[in-house]
Amino acid sequence: MIRRGKLNINSFKLLPRTFYHQPTLKLAEDLLGHVLVKTTDEGTTSGVIVETEAYLGASDQAAHSYQNRRTKRTEIMFQTPGHVYTYQMHTHCLVNVVSGEEGNPQAVLIRAVEPYTGIELMEKRRPVKKPKNLTNGPGKLTKALGINMSDYGRTFFGSPIYIASGSPPEKERVERGPRIGIDNAGEARDYPYRFWIKDNPYVSR
DNA sequence: GTCTAGATGGCCT
DNA sequence: GGCCATCTAGACA
């Protein structure tokens, strides 16, 4: 059970690096319920991961690393799992967890989180009328948590951006379906690589 | 160098 | 539903 309200951030328990060494689709599902944390000069904010998408690299037309395309941007995807892959999309920054063993450029996009700690700071960074609009999208959550391109290439274990152990949902609370916003990715458009926690109000759609 | 499309979000009608 | 901000990676010349 995740505790609400006041909480000592020192009680966050880092997920070990071994956690990231598993098949990308399983990692995408297993990340649900864990806690994405970011510490900056302004303070610490965190959110429970409630929606993810897997990008399977070489064979996945929707992935930046399709056909093992190796560029300055995708370089980090070729590294060991657990690295941070951030990139700019229009006016926003999106955050991914690098997956797949070294040389296999896969990743998991974090599409939505449920605000957990540091909510005041998040609201200061991202004033919203409806609470759920704080973090119910990949560009929204990065702004609320203060994640940006300076996080590119870090790891999720032992840096200002990390993932702490939370409480994964029951298996029957996990839903799966096609990814969002990749209409021009050929047949990859319909691959069911998106995972989310059923009925969670912070899921993007 | 130039051009284009994009794993989005906010505001408009 | 539509429009567009804002900017960079990637392709091509």
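Chain letters run A, B, ... following the sequence lines, proteins first, then strands; residues in each count from 1.
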Charged tip of R73(A) within 45° of Y152(A) ring normal and under 6.0 Å
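R73(A) over Y152(A) ring: no.
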Please work out if [X] contacts a base, only the sugar-phosphate, or nothing of the nucleic acid, heavy-atom cut-off 4.0 Å.
{"X": "I182(A)", "answer": "sugar-phosphate"}
{"X": "R126(A)", "answer": "sugar-phosphate"}
{"X": "R179(A)", "answer": "nothing"}
{"X": "T71(A)", "answer": "sugar-phosphate"}
{"X": "N96(A)", "answer": "base"}

ring-ring contact (aromatic ring centres under 6.0 Å, His included) partner of Y193(A), chosen from F195(A), Y191(A), W196(A)
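When ring-ring contact (aromatic ring centres under 6.0 Å, His included) is applied between Y193(A) and each of F195(A), Y191(A), W196(A), only Y191(A) qualifies.
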What distance, rounded to whole Å, do you find between the two P atoms, one in dC3(C) and one in dA5(B)?
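Between the two P atoms, the distance is 16 Å.
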Using atom [atom1] of [X] as one end and atom [atom2] of [N] as the other, report the distance to the nearest whole Å.
{"X": "R73(A)", "N": "dG6(B)", "atom1": "CZ", "atom2": "C1'", "result": "8 Å"}
{"X": "Q67(A)", "N": "dA11(C)", "atom1": "CD", "atom2": "P", "result": "10 Å"}
{"X": "N68(A)", "N": "dG10(C)", "atom1": "CG", "atom2": "P", "result": "14 Å"}
{"X": "M89(A)", "N": "dG9(B)", "atom1": "CE", "atom2": "C1'", "result": "10 Å"}
{"X": "N184(A)", "N": "dG10(C)", "atom1": "CG", "atom2": "P", "result": "18 Å"}
{"X": "Q88(A)", "N": "dA5(B)", "atom1": "CD", "atom2": "C1'", "result": "14 Å"}
{"X": "Y66(A)", "N": "dA7(B)", "atom1": "OH", "atom2": "C1'", "result": "16 Å"}
{"X": "R69(A)", "N": "dG6(B)", "atom1": "CZ", "atom2": "P", "result": "11 Å"}

When the ring planes of Y20(A) and F157(A) are compared, do they come out parallel, tilted or perpendicular, using 30° and 60° as the limits?
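It falls in the tilted class, 30° to 60°.
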Below 3.5 Å, does any donor atom in the side chain of H64(A) face an acceptor in the base of dA7(B), or the other way round?
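Donor-acceptor pair under 3.5 Å: yes.
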